[in-house]
Amino acid sequence: MGIIKDRFKEKSDKVGAEMKEMLKEHGDKKIGEVTLAQVYQGMRGITGLVTETSLLDAQEGIRFRGYSIPELQEKLPKAPGGSEPLPEGLFYLMLVGDLPTEDDVHHLTSVWQRRSHVPNHVFATIEALPASTHPMTQFVVAIMALQTESEFAKRYAKGMNKKDYWEATFDDSMDLIARLPRIAAYIYRRKYKNGDHIQPNGLLDWAGNFAHMMGYEDEGFKELMRLYMTIHADHEGGNVSAHTTHLVGSALSDPYLSFAAGMNGLAGPLHGLANQEVIKWIFELREQIGTDSPTKEQITAYVEKTLSEGKVVPGYGHAVLRKTDPRFTAQMEFGKKHMADDTLVQTVWNIYEAVPPILGSKAKIKNPWPNVDAHSGALLVHYGMVEYEFYTVLFGVSRALGVLASLCWDRAFGFPLERPKSITNDLVKKWLEGKDEVWGD
Ligand code: HAX
C-alpha cells in the first residue's frame, strides 16, 4: 500500500473502533429535538450526520480538523516563493487528520501527477456536447464518462468484501482528484479558447498545474488558485454538494457516481452557482447604472430593486453562518495584497458595506453577511478570467477534496444506507389533532 493509504488505514481503524465502542455504550442517548418547522424547512439545525473533515460554527465559520483558514495559511506547506497553502496539504489534513510535512505534500503532488491520465473517451464525450452547454453540465457529463475507470465498481461486480470498500473508495478518490483539473481545463479551453488545449506541466503542484492548463501563467493567478482550491474544499457535511455525495455514496454508488451527484447540487444557484450569479449581477448593475464604479447609494438602490423583483442578492446569506464568512475575508485579504486598486474588487467591498444593513433590516433574512461566493469572481476577473459561467467548475474541482476525503471515511466507518423518515401533511394534521397515529416505518 502507499504511504498515505497506510496512514489512513491506521487512523481509520483506530477511530472506527472508538466509534463502535462509543455507540455500544451511548447509542440510546438523545441528541437534540426536532420541531415541526425544522421538518418542513430544510432540516436546518437537525444533527444527523458525522463528517470528520471539517466543522462549521455559525459565528466563527469553518475549521478544517480544528484549524481556521488563517491557521491553515500559516501552517500548511506552500509552493516555492509562494505564501498561500497548497491544497494537497489540506487534503492530507482532512484525510489523515494530522498536519502534513513538506514531504507529505510533495508526495501527494507526485501521486496526483502520476494518476492524472484522462482516457480519450472522456474528451470525446465532452466534444459530443454542444459547445454552448453550461460548463457545469459538461463537467458532470465528463465525470460520468470517467466512471468507466472506477475500481470500486469493478471490484464490487466481482464480489468485494465489505472490509475492502474503503480501499477501493480511496483509490477511486485519488484518481478522480488527480484527473479533475485536466478535465476542467479541457472544458475551459474548449468553450472559451477555441479548443486550443495546453498540456500539463509535470513540475507544477496540483493547483499551479490547473492554472497552467487553463492558460494562466501569472504567478498571482497560481497563488489565487492555491488559496481558492483550499478555501472551497469543504464546509462540513450538511451542505448540498457534500450531503449529496455522502447520500449517494451510502447506496454504495462508486465515488464517480457519488461525486457527479454532488456536483449536480453544486450547480444550483442557491449553492455553488452563486459565484457566477454574483459577477453577473455586478456586471448588470454596472451596465444599468452606466458606470464601472457605482457609488454606495447606487448599489443600495440596485439591491432594493433586486429584492423588489423577488430575487435574492447573490453571495449574501447562509443556512448556517451568522457572520461574515471567513472564506470571504481570506479573499478580501488576497485582494488587498494583490489588487487593492482594482475597480471591480473595490465594488465588491462597497457592496459589502451597502448590503448587510439592507438585508439585516428584513426580519425574515437570518444572515445579512457575505458568503464565499460574494468575492471570488472579482479576483478571477482581475487576472482575465471573465467567463463567469465557468466559475462553479473551479468550485467543483476544489470541493472534490473535501467530499471525497469524507467518502473514504464513510466507507472506512462502514456507514449504512442513508434513509431518513418522511411524513405527509395529513399525518401531521392528525398528529396535531391529538390522534395517536403511528408514524410508520
Ligand atoms: N437575498 C434575498 N433574500 C434572501 C437572501 C438574500 N441574499 N438570503 C436569504 N433570503 C431570504 C430567503 O430567500 C428566505 O425567503 P422566503 O422565506 O421568502 O423563502 C428568507 O430570507 C429566509 O432565508 P434564511 O433562513 O435567511 O436563509 P436560508 O437558510 O433559507 O437560505 C441561502 C440560505 C444561502 C440559500 C440564502 O441566503 C440565499 O438564497 N442567498 C443568496 C444565494 C447565495 O449566495 N447562495 C450561496 C450560499 C453559500 C454557498 O452554498 N455557496 O456555495
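Start at 1 and go down the list; that is how both ligands and their atoms are numbered. Starting from 1, each residue takes its place in the sequence as its number.
For Asn239, the closest heavy-atom approach to ligand 1 does not fall below 4.0 Å. Using a 4.0 Å heavy-atom cutoff, Arg44 is listed among the residues neighbouring ligand 1.
In terms of protein heavy-atom proximity, atom 50 (O) of ligand 1 is closest to His271 ND1, 2.9 Å. When only non-hydrogen protein atoms are considered, atom 27 (O) of ligand 1 lies nearest to His318 O, 4.4 Å. Considering only non-hydrogen protein atoms, atom 9 (C) of ligand 1 sits nearest to Ile365 CG2, 4.0 Å. Nearest to atom 25 (O) of ligand 1 among the protein's heavy atoms is Lys366 NZ, 2.7 Å. Taking atom 16 (P) of ligand 1 as the reference point, the nearest protein heavy-atom neighbour is Lys364 NZ, 3.7 Å. The single protein non-hydrogen atom nearest to atom 41 (C) of ligand 1 is Tyr316 O, 3.3 Å, given as residue, atom name and distance.
Below 4.0 Å from some heavy atom of Phe395 lie the following atoms of ligand 1, by number and element: 52 (O). Of all atoms in ligand 1, numbered sequentially from 1 with element shown, those under 4.0 Å from a heavy atom of Ala274 are 43 (C), 44 (O), 45 (N), 46 (C). Near Gly272, with a cut-off below 4.0 Å to any heavy atom, the atoms of ligand 1 are 52 (O). Those atoms of ligand 1 that come under 4.0 Å of a heavy atom in Asp373, given as number and element, are 46 (C), 48 (C), 49 (C), 51 (N), 52 (O). Near Val313, meaning under 4.0 Å from one of its heavy atoms, ligand 1 places the atoms 1 (N), 2 (C), 6 (C), 7 (N), 41 (C). Under a 4.0 Å criterion applied to the non-hydrogen atoms of Ala319, ligand 1 contributes the atoms 29 (O), 33 (C).
Residue Gly315 places at least one N or O, backbone or side chain, under 3.5 Å from an N or O of ligand 1. Checked against a 3.5 angstrom limit, the closest N/O atoms of Leu270 and ligand 1 fall inside it. Taking only nitrogen or oxygen atoms, main chain and side chain alike, Lys311 does not reach within less than 3.5 Å of ligand 1.
With sequence neighbours excluded, no residue satisfies side-chain hydrogen bond (donor to acceptor under 3.5 Å, both in side chains) with Asn194. Arg63 pairs by the side-chain hydrogen bond (donor to acceptor under 3.5 Å, both in side chains) definition with Glu60, Glu71, not counting sequence neighbours.
Atom CD1 of Ile31 is surrounded by 12 or fewer heavy atoms from other residues, nucleotides or ligands within 6.0 Å. Within a 6.0 Å radius of CH2 in Trp369, no more than 12 heavy atoms belonging to other residues, nucleotides or ligands are found.
A 4.5 Å side-chain heavy-atom check between Tyr256 and Asp175 finds at least one atom pair inside the cut-off.
Although no hydrogens or angles enter the test, the distance criterion places a donor-acceptor pair under 3.5 Å between the side chain of Ser398 and the main chain of Ala233. One N or O on the side chain of Lys78 and one on the backbone of Gln73 form a donor-acceptor pair closer than 3.5 Å. For Ser253 (side chain) and Ser250 (main-chain N/O), no donor-acceptor pair under 3.5 Å exists by modelled atom type.
Neither side chain, Ser116 nor Arg179, offers a donor N or O lying under 3.5 Å from an acceptor on the other. Judged purely by distance below 3.5 Å, without hydrogens or angles, the side chains of Thr109 and Glu88 pair a donor atom with an acceptor atom. Side chains of Asp410 and His246: a donor on one and an acceptor on the other come within 3.5 Å. Between the side chains of Asn239 and Ser241, at least one donor N or O sits under 3.5 Å from an acceptor N or O.
Contact annotation: for Leu307 versus ligand 1, heavy atoms closer than 4.0 Å belong to the side chain alone.
In this structure, atom 32 (C) of ligand 1 has its sub-4.0 angstrom surroundings free of protein heavy atoms. In this structure, atom 12 (C) of ligand 1 is not in close contact with the protein, since no protein heavy atom lies within 4.0 Å of it. Distance check for atom 19 (O) of ligand 1: every protein heavy atom is found at 4.0 Å or beyond.
Of the listed residues (Gly317, Pro314, Gly268), the one carrying the non-hydrogen atom nearest atom 34 (C) of ligand 1 is Gly317.
Ring orientation note: the planes of Tyr186 and His197 are close to parallel, at an angle under 30° on the 30°/60° scale.
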